[in-house]
Chemist: 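First the structure, then my questions, so here it is.
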Amino acid sequence: MDSMKKIILFLEWGSIAGLAGCGLWIFLGLPIESSQGFPQKIMYIHVPTFVATYLAFFVVFAFSIAYLWKRDLMYDQIAKVSAEVGLIFCALLLITGAIWGRPTWGTFWVWDARLTTTLLLFLIFMGYFLLRMSVSDRDKEARLASVLGIIGCLDIPIIHKSVEWWRTLHQPSTLFKVESGKASPSIPPELLNPLIASIMVMLLFYLYLLLLRYQTEKRKDELNQLLAETQV
Amino acid sequence: MKTRTKFVIGGAVILAVIVALSLQELQKMTVFFYTPAEVLASPGEFEDKTIRIGALVQKGSVDWNAQAIQLSFKITEDGKVLIPVYYDGVKPDLFREGQGVVVEGKMNGPRFEASQLLVKHSEEYTVDTEHKKSKEEYYKSIQAQ
């Protein structure tokens with residue numbers, strides 16, 4: 001358990017130092033992007049946030065399946081806390097997107113396929129926590145939430161492909177752009193390198209929140225179990 | 001009739017309505033904008049309807065009247081099929097010739113009267129080399145002192 005504490009402490013200071021370093025790099029060391037100008041810097045929080053959102057809900061998906069298969073409560077605890085952190089990243093994603101949209105597009109919000117499917121993800125996982133709250137039996141809660149979690153995560157590939165499948169206001173992916181079978185991000189290395197660094201830092205931050213929250217969640221379940229045993 | 005059967009029938013009706021409505025909405029949503037060619041091909045279908053058209057701003061067609069806050073330009077996909085657009089409002093910062101835009105409004109005869117003008121950003125990012133150069137020169141001038 002002591003090693004877990006050390007890992008969490010390392011992630012905490014790693015993400016604080018990383019965020020500070022990226023902030024300095026982005027605001028002092030980078031050239032201005034030619035078409036958008038200064039608002040382009042919002043990219044360095046918007047893009048890492050969506051990568052973290054994708055990862056968080058992929059973890060929900062994988063651990064929900066693992067729970068249904070093995071019926072070990074630990075898997076459900078991880079899925080739950082990852083969904084919590086993912087929901088916060090998803091909210092940040094929508095907010096930073098709106099702040100970027102105002103100066104570039106001229107509007108905070110449009111009902112295009114990319115934005116609507118992202119909002120849908122947010123609403124599905126709001127429902128996910130309502131479902132968890134409404135069931136009192138812990139095992140039943142885990143079972144139902146795993147099913148909803150798996151279904152909800154199917155929205156992720158739809159979000160990712162929405163800009164290719166449908167006509168949207170949101171532009172196609174810059175970072176994951178593929179040309180003739182090869183990955184070729186349409187952004188010069190000067191602007192790309194800090195973006196990759198920001199993504200790494202955001203993933204560290206995600207891992208930090210996940211582990212921290214998992215510790216408390218595990219203890220909460222242990223405590224509830226003890227209480228139930230003493231009552232019997 | 002048993003309560004359970006009533007619930008099942010009621011649930012099925014509600015589910016069917018939800019599915020039907022969302023499919024209808026989905027169809028609208030998935031076509032966020034039409035192209036100029038689609039709009040001109042069937043003018044009857046789009047008359048008196050609020051629609052969005054997405055296209056590029058034709059080079060040399062922009063007329064910005066800053067006094068009256070009126071903007072007019074032509075939009076096109078290929079440089080051949082053009083629709084003149086009139087917009088009463090402020091010109092967005094990123095609006096320029098050759099830029100992708102999405103306009104929302106109504107067709108009035110051959111011209112499109114826009115109530116909203118959105119700039120469509122491309123996924124291409126480039127460095128503003130002139131800004132970078134002037135910044136470097138500025139730093140050099142500080143160091144020289």
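What you see below is based on every heavy atom in this structure, not just the backbone, and it leaves out hydrogens, waters and symmetry mates. Residue numbers begin at 1 in each chain, while the letters A, B, ... track the order of the sequences.
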Chemist: Report, in residue-number order, which members of residues 132-142 of chain A are under 4.5 Å from chain B by heavy-atom distance.
Modeler: none
Chemist: What pair of heavy atoms forms the shortest contact from B:H121 to A:Q171, and how long is it?
Modeler: O-CB, 3.0 Å
Chemist: Under a 4.5 Å heavy-atom cut-off, does chain B meet the side chain of A:P103, its backbone, both or neither?
Modeler: backbone
Chemist: Relative to chain B, which segment of A:S162 carries a heavy atom at a distance below 4.5 Å: side chain, backbone, both, or neither?
Modeler: neither
Chemist: Which atoms of A:Q40 come close to chain B, meaning under 4.5 Å heavy atom to heavy atom: side chain ones, backbone ones, both, or neither?
Modeler: side chain
Chemist: Around atom CD1 of B:I69, are there more than 12 heavy atoms of other residues, nucleotides or ligands at under 6.0 Å?
Modeler: no
Chemist: Which bit of A:L192 is near chain B, if near means a heavy-atom gap under 4.5 Å: side chain, backbone, both or neither?
Modeler: neither
Chemist: Any chance CG of A:N193 has more than 12 other-residue heavy atoms, nucleotides or ligands included, within less than 6.0 Å?
Modeler: yes
Chemist: Would you find a donor on one side and an acceptor on the other, under 3.5 Å apart, between the side chain of A:R167 and the backbone of B:F33?
Modeler: yes
Chemist: If you measure from OG1 on A:T174 to CD on B:E124, what distance do you get to the nearest 0.5 Å?
Modeler: 7.5 Å
Chemist: Checking the side chain of A:E33 only, and the main-chain atoms of B:V127 only, is there a donor and an acceptor separated by less than 3.5 Å?
Modeler: no
Chemist: Evaluate the side-chain proximity of A:S35 to B:R96: yes if any heavy-atom separation is below 4.5 Å, no if none is.
Modeler: yes
Chemist: Write down the atom of B:F32, the atom of A:V110, and the distance for their closest heavy-atom approach.
Modeler: CZ-CB, 3.7 Å
Chemist: With a 4.5 angstrom heavy-atom cut-off, which part of B:K120 approaches chain A: side chain, backbone, both or neither?
Modeler: both
Chemist: Given that the side chain runs from C-beta out, which part of B:S134 has a heavy atom under 4.5 Å from chain A: side chain, backbone, both or neither?
Modeler: neither
Chemist: For A:S34, does its backbone N or O pair with a side-chain atom of B:T126 as donor and acceptor, under 3.5 Å?
Modeler: no
Chemist: Roughly how far, to the nearest 0.5 Å, is the NE2 atom of B:H131 from the CZ atom of A:F38?
Modeler: 9.0 Å
Chemist: Using a 6.0 Å cut-off, check whether atom CH2 of A:W13 has over 12 heavy atoms from anything other than its own residue.
Modeler: no
Chemist: Does anything in residues 44-70 of chain A reach chain B? List residues with heavy atoms under 4.5 Å apart, or say none.
Modeler: none
Chemist: Do B:K132 and A:I32 have side-chain heavy atoms sitting under 4.5 Å apart?
Modeler: no
Chemist: Select one option (side chain, backbone, both, neither) describing which atoms of B:E130 are under 4.5 Å from chain A's heavy atoms.
Modeler: neither
Chemist: Give the minimum heavy-atom separation between B:L118 and A:L169, together with the two atoms involved.
Modeler: CD1-CD2, 3.7 Å
Chemist: Given that the side chain runs from C-beta out, which part of B:L94 has a heavy atom under 4.5 Å from chain A: side chain, backbone, both or neither?
Modeler: side chain
Chemist: Are there over 12 heavy-atom neighbours, none belonging to B:K133, within less than 6.0 Å of that residue's NZ?
Modeler: no
